Amino acid sequence: MLAEAERAWLAANADALDADASVAGEVVPRLAQAGLFGLGVPHEWGGQGGTVWQGIEAIADVAGQSLAAAFTFWGQRAFIEYLLQSPNAALRQRWLPPLLAGTQAGATGLSNAMKYLSGIESLGVIATALPGAAGWRLDGSVPWCTNLRPAGFVAAVAAATTGGGSPLVAALAAGSEGLVRSDDLDLIALRGSNTASLKIDGVRLTPDYVLHEDANVFLPQVRPAFLGLQCGLSIGLARAALETAAQRSGAGRGVLEEPLAVQQAALSSAVEALRNGLEDGRPGSRFHKEPAALFRVRLTLAGIVQQSLLLELQAGGGRAYHRDQPLSFARRWREAAFIPIVTPSVTQLQGALAAQAARQAAA
Ligand SMILES: Cc1cc2nc3c(=O)[nH]c(=O)nc-3n(C[C@H](O)[C@H](O)[C@H](O)COP(=O)(O)OP(=O)(O)OC[C@H]3O[C@@H](n4cnc5c(N)ncnc54)[C@H](O)[C@@H]3O)c2cc1C
């Protein structure tokens, strides 16, 4: 799926993408040139067809080389998915071509909204209807958002509406008056992912930029694809770590063979469960009807990533601890620290499953 040229570029630039923003601007155009954003996008909308699964596999492939690039890919592809599932056909027609071509960056600032959906926090953006005009005034902030290219971006955010209406999901374009991107956040890894915060101070939102008028409908609808694409990060990291561990096991490290086989088998069955539950990723799939099953796969994958990294460390031994050895362990260790905290986080999902179990026990 990932051509040799892109794989080589990602491998050569993975440390830079982790450490700084020097090559951050190249990621989206390169992935677009490789045709990766159109995977799972219907032909009639300029994609290569197939299902969201092809997108997940491509993200996994990229994650095996660089998690910063893969998470950037996720932001772009998730935004494309919002357009595919949005009832706003005009917005889709306007933004899909440049997003697929990689001339426009798509970002998803919906962690807050996903936490809102789980009842963890309230929405950080407020939409106030404009008196006597169609549209809203938006105020608030998005504390985290990846793929905010300084050269331009469009970002999805959810906003609570004043007056008791449903919260909406909007697309905010760079350059809108009142929209301010911060400097890149000072992160311990993934520093080449164009991750920053957004300040929203009186941004005017017109109906043509609304992805969906009801976040309570749209968020559960897009969640399987949102989360499924994110699982690509774990799959790619785990595969890479297990492969490296397997290459370095063998003589004197025979005790690692069994745990390696256990993690490889666990990974294969989690991947299968994800693929089967997602079906085509569109409304009606098993994960739409049964989100807890998807949460369990995400949790299983997060556990496999941790175990795989440990095996990579154990197989690499002291060499893995050296900065001057050609091993990717230290970077992958930092990259893997992202997996439990990316929304929906491991603790959030454990909480959601515990609440569901308590409800079932009480019923
Ligand atoms: C490199 C990077 C890139 C990111 N990019 C994006 C992006 O593009 N878009 C985006 O929207 N977000 C992004 N985020 C944010 C990310 O998805 C998480 O939302 C964020 O890291 C967790 O938020 P927090 O630390 O503010 O959690 P807090 O709210 O401070 O919570 C701390 C932890 O407790 C958990 N928690 C809180 N309340 C509960 C509860 N009631 N039950 C169970 N668990 C709970 C949280 O999930 C979290 O794990 C990014 C983060 C990083 C590090």
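Below, all heavy atoms of this structure are taken into account, side chains as well, without hydrogens, waters or symmetry copies. Here the structure is a predicted model, which is why all the values come from computation and not from measurement. For ligands, and for the atoms within them, numbers begin at 1 and follow the listed sequence. When a residue number appears, it is its place in the shown sequence, counting from 1.
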Within-cutoff protein neighbour (heavy atom, under 4.0 Å) for atom 8 (O) of ligand 1: yes
Separation between CG of L211 and CZ of R92, rounded to the nearest 0.5 Å: 10.0 Å
Flag for T72-S193: side-chain donor and acceptor within less than 3.5 Å: no
Element-labelled atoms of ligand 1 that are located less than 4.0 Å from some non-hydrogen atom of L187: 1 (C)
Heavy-atom nearest neighbour in the protein, as seen from atom 5 (N) of ligand 1, with distance rounded to 0.1 Å: T146 OG1, 2.8 Å
Reference residue Q104; test side-chain contact (heavy atoms from CB on, under 4.5 Å); the match among L99, V28, L96: L99
Location of contacts on T195 toward ligand 1, heavy atoms closer than 4.0 Å: side chain
Side-chain donor-acceptor contact under 3.5 Å, T206 with D208: yes
Exceeds 12 heavy-atom contacts within 6.0 angstrom, atom CD of Q48: yes
Side-chain hydrophobic cluster, 4.5 Å single linkage: members besides L185: W144, L187
Atom 41 (N) of ligand 1: nearest protein contact (heavy atom, Å): I120 CG1, 3.7 Å
Atoms of ligand 1 close to T108 [distance to a heavy atom under 4.0 angstrom, numbered from 1]: 7 (C), 8 (O), 9 (N), 10 (C), 11 (O)
Ligand 1 contact by S111, heavy-atom criterion under 4.0 angstrom: yes
Shortest protein contact, atom 19 (O) of ligand 1 (heavy atom only): T343 OG1, 2.5 Å
From CG (L309) to CD (Q263), nearest 0.5 Å: 11.0 Å
Over 12 non-hydrogen atoms of neighbours within 6.0 angstrom of CD in Q33: no
Atom 36 (N) of ligand 1 - nearest protein heavy atom and its distance: T347 OG1, 4.1 Å
Closest approach of any protein heavy atom to atom 47 (O) of ligand 1, naming residue and atom: S345 OG, 2.4 Å
Close approach of C145 to ligand 1, heavy atoms, under 4.0 angstrom: yes
Part of L185 with heavy atoms under 4.0 Å of ligand 1, whether side chain, backbone, both or neither: neither
Atoms in ligand 1 with a heavy atom of F338 nearer than 4.0 Å: 1 (C), 2 (C), 3 (C), 51 (C), 52 (C), 53 (C)
Ligand 1 contact by M114, heavy-atom criterion under 4.0 angstrom: no
Other residues, nucleotides, ligands: >12 heavy atoms within 6.0 Å of E258 CD: no
Location of contacts on K115 toward ligand 1, heavy atoms closer than 4.0 Å: side chain
Protein non-hydrogen atom found under 4.0 Å from atom 13 (C) of ligand 1: yes
Option passing side-chain contact (heavy atoms from CB on, under 4.5 Å) with F218 (candidates V222, D214, N216): V222
Under 4.0 Å to a heavy atom of V342 - the qualifying atoms of ligand 1, by number: 17 (O)
Row check, F329 ring normal vs R319 NZ/CZ: under 6.0 Å, within 45°: no
Shortest protein contact, atom 53 (C) of ligand 1 (heavy atom only): W144 CZ3, 3.3 Å
Short side-chain to backbone donor-acceptor contact, H212 and P87, under 3.5 Å: no
Pick from L349, I341, L67: the one approaching atom 21 (O) of ligand 1 most closely through a non-hydrogen atom: I341
Part of L110 with heavy atoms under 4.0 Å of ligand 1, whether side chain, backbone, both or neither: backbone
Protein non-hydrogen atom below 4.0 angstrom of atom 29 (O) of ligand 1 present: yes
Enumerated ligand 1 atoms positioned under 4.0 Å from heavy atoms of Q348: 43 (C), 44 (N), 47 (O)
Rounded distance [0.5 Å steps], CZ in R77 versus OH in Y82: 11.0 Å
